[in-house]
Amino acid sequence: MSRAIDQSGQGAVAGAAAAAAAELRCVDASCGAHYALDERVVVCARCGGLLEVELGPPPAAAAASLPELWARRRTSDLPADASGVWRFREMLPIGAQQPLVTLREGNTPLYEAPRAAIYCGLDELWLKHQGANPTGSFKDTGMTAAVTHAVRLGSRALACASTGNTAASLAAYAARAGVRAVILVPRGQVSSAKLGQSMDYGAAVLELEGNFDAAMRVVRELAEDGSLYLVNSLNPMRVEGQKTVSFETMEQRGWRVPDHVVVPGGNLGNISALGKGFIELRRWGLIDRLPRFTVVQAEGAAPFAHLLAERARNPAATIEPIAEPRTLATAIRIGAPVSWQRGLRVLAETNGMALTVTEQEIADAKAMIGRDGIGCEPASATTVAGIRRLVADGRIRKSESVVAVLTGHLLKDTDYTAKYHTGQLKEPEGAPGSGHGPGESRPISGAFANPPARVPATRDGILEYLKRSSSESRSR
Ligand code: F0G
């Protein structure tokens, strides 16, 4: 019988000790509460604050052998090895001795993107495509950990509020585990592809009047008595799974730390997780410096970018929620991000940045990512739009190494894409700087639009069209 490759590895033994000593700690240092991992808490029972996993002390010399062990597991077919999350289990708080709820998530590509690099003004740009996960978004790497943990705790019903991707991911992993998924989504504000996924995976899909932030408030209330287990990214186990993206990116770069890592910002789980991953790698002696992290938000849904600007004036400033966030990138239409304190800490530790980009910039950047044959959903394209700005204003140098995280697959929102290419995309009503009131919205111009052509159903007609369009594109 085959065995998981790690069983006898020196690194695995050392890592197991760190995992066994892991506990949950309140991120608010003035509270300082801590909990055993098997306690059924998602947020701090004392102060209501966020919790995070603290691994035990890093193993001494053995950590150096981990990269080789992790890479070797890729040749194994066992679920715990074949998952791009669980093959890094020495740095996770959950061992692989018991059943894992996995869909072979992770192991996503890190693509070089030459056209997008030129667009940004960089020598090189690398795109870590989390849209290549089983349900098409980065959520799966966290969800495998949260659902595995929930099942071990004995939960039979799992819940989340979502702009669509968390919902699809929870629905899939709950289906694998044979437990109930209850998802709360803002009605009319989720792409039909994402909603369709959740329906196919058999979740209870509840459409709420109100936006994502309202859904988040309600689901937290519902989870309070413990009858529903909450798996939004405030759940510390989600963060644990998602942090492996940092490990995998480093592995794919031959353990050379990039100068910059750029992520979109919504609820700020991603920045929290990737930052934690890099910070732990440094603590374990696997890297010797940290990349600078940047969070990019759509300008109509940018409470975190505003907070960062405000803190330059007032270091004690806290998040100012936006009552009606607006962006066509529906995945990040969020006005009250729950993980802002964690996000802030990552930026503080990595000398990080936050900025906003316009709807037009997001749309054009998305089309450019497409031109490299990669593609992504609108929220992911904030990264390339943001990098372009940062290069233009000198905050990223042309020769620096930059990794952008693409969070969702192109097919998550085909409506947006088709509208861009056919000149029908319009800014949300009342978007910042649009100068338009309710009921009016400014069109987005398709600078890189590539609309389908209508041609006669004849050989000559098609050849004629191709001749004409290739001479047109040469003369452009
Ligand atoms: N990109 C995509 C495609 C997303 O779906 C999300 C969040 C983000 C970026 C932002 O990530 O919240 O970790 O800062 N989507 C959540 C959802 C809110 O419900 O699917 P974050």
Side-chain angles (χ1 to χ4, degrees), residues 109-122 124-132 136-138 164-165 191-194 262-264 294 296-301 326-333 355-392 396 402-428 431 433-434 441-454 469-470 472-476:
L110 178 68
Y111 292 121
E112 190 172 4
R115 288 181 189 82
I118 293 170
Y119 179 70
C120 291
L122 287 172
E124 273 179 25
L125 174 61
W126 294 85
L127 302 177
K128 177 69 174 160
H129 207 332
Q130 293 303 96
S137 87
F138 73 104
N165 280 328
S191 89
S192 55
K194 296 175 188 176
V262 182
V263 298
T294 295
V296 191
Q297 298 199 292
E299 82 182 345
R326 292 190 168 92
T327 171
L328 298 178
T330 51
I332 52 171
R333 189 189 285 177
L355 75 158
T356 66
V357 289
T358 64
E359 295 294 311
Q360 180 72 53
E361 288 174 307
I362 296 171
D364 289 337
K366 187 176 112 57
M368 285 310 302
I369 295 165
R371 294 287 172 96
D372 271 316
I374 296 171
C376 62
E377 69 167 284
S380 312
T382 55
T383 54
V384 167
I387 293 165
R388 187 166 192 256
R389 275 208 184 189
L390 293 171
V391 174
I396 293 182
V402 183
V403 173
V405 179
L406 301 183
T407 44
H409 197 282
L410 172 66
L411 297 177
K412 285 282 194 174
D413 195 348
T414 49
D415 192 39
Y416 179 105
T417 305
K419 281 186 173 158
Y420 175 83
H421 288 289
T422 55
Q424 298 172 66
L425 204 60
K426 290 196 172 73
E427 288 190 355
S434 69
S441 59
R442 186 168 54 185
I444 288 178
S445 71
F448 307 107
N450 179 30
R454 283 211 184 152
S469 63
S470 88
E472 270 168 20
S473 70
R474 269 200 302 277
S475 66
R476 254 188 245 146

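Here the structure is a predicted model, which means the values were calculated and not measured. Values below: every heavy atom of this structure, side chains too, minus hydrogens, waters and symmetry copies.
Taking the charged nitrogens against the carboxylate oxygens, E361 and R389 do have a contact shorter than 4.0 Å, which makes a salt bridge.
Taking every heavy atom of both residues into account, A404 and I387 meet most closely at CB-CD1, 3.8 Å. Scanning all heavy atoms of the two residues, the minimum distance from K366 to E377 falls at CD-C, 4.0 Å. The two residues G121 and V391 make their nearest non-hydrogen contact at O-CG1, 3.5 Å. The two residues L425 and A363 make their nearest non-hydrogen contact at CD2-CB, 4.2 Å. For E124 against A117, the heavy-atom pair with the smallest separation is C-CB, 4.0 Å. Across every non-hydrogen atom of P109 and A132, the tightest pair is CD-CB, 3.6 Å.
The line from OG of S191 to CG of D415 is 8.5 Å long, rounded to the nearest 0.5 Å. We find the NE2-OH distance between H421 and Y416 to be 10.0 Å, quoted to the nearest 0.5 Å. The CG atom of L328 sits 7.5 Å away from atom CZ of R333, with the distance rounded to the nearest 0.5 Å. How far CD of E112 is from CD1 of I374: 9.5 Å, rounded to the nearest 0.5 Å. One distance of note links OG of S137 with NE2 of H129; it measures 11.0 Å at 0.5 Å rounding.
At distances below 3.5 Å, at least one donor-acceptor pair connects side-chain atoms of S380 with backbone N or O atoms of G408. Between the side chain of T382 and the main chain of A379, a donor-acceptor pair closer than 3.5 Å is present.
T327 and E359 share a side-chain donor-acceptor pair at under 3.5 Å.
You'll find the side chain of M368 stays beyond 4.5 Å of the side chain of I118, heavy atoms only. Counting heavy atoms from C-beta outward, P452 and T422 have side chains that approach closer than 4.5 Å. Side-chain contact check for V405 versus T383: every heavy-atom pair is 4.5 Å or farther apart. Annotation: side chain of Y119 is not in contact with side chain of D372 (no heavy-atom distance under 4.5 Å). Counting heavy atoms from C-beta on, the side chains of K194 and N165 come closer than 4.5 Å. For the pair C376/T407, no side-chain contact is recorded, criterion being any heavy-atom separation below 4.5 Å from C-beta on. Looking only at side-chain heavy atoms (C-beta outward), E427 and I444 come within less than 4.5 Å of each other.
Each of L127, T294, L355, L125 was evaluated against V262; a single residue qualifies, T294, per the side-chain contact (heavy atoms from CB on, under 4.5 Å) test.
Every side-chain hydrogen bond (donor to acceptor under 3.5 Å, both in side chains) that D364 has, sequence neighbours left out, goes to Q360, Y420.
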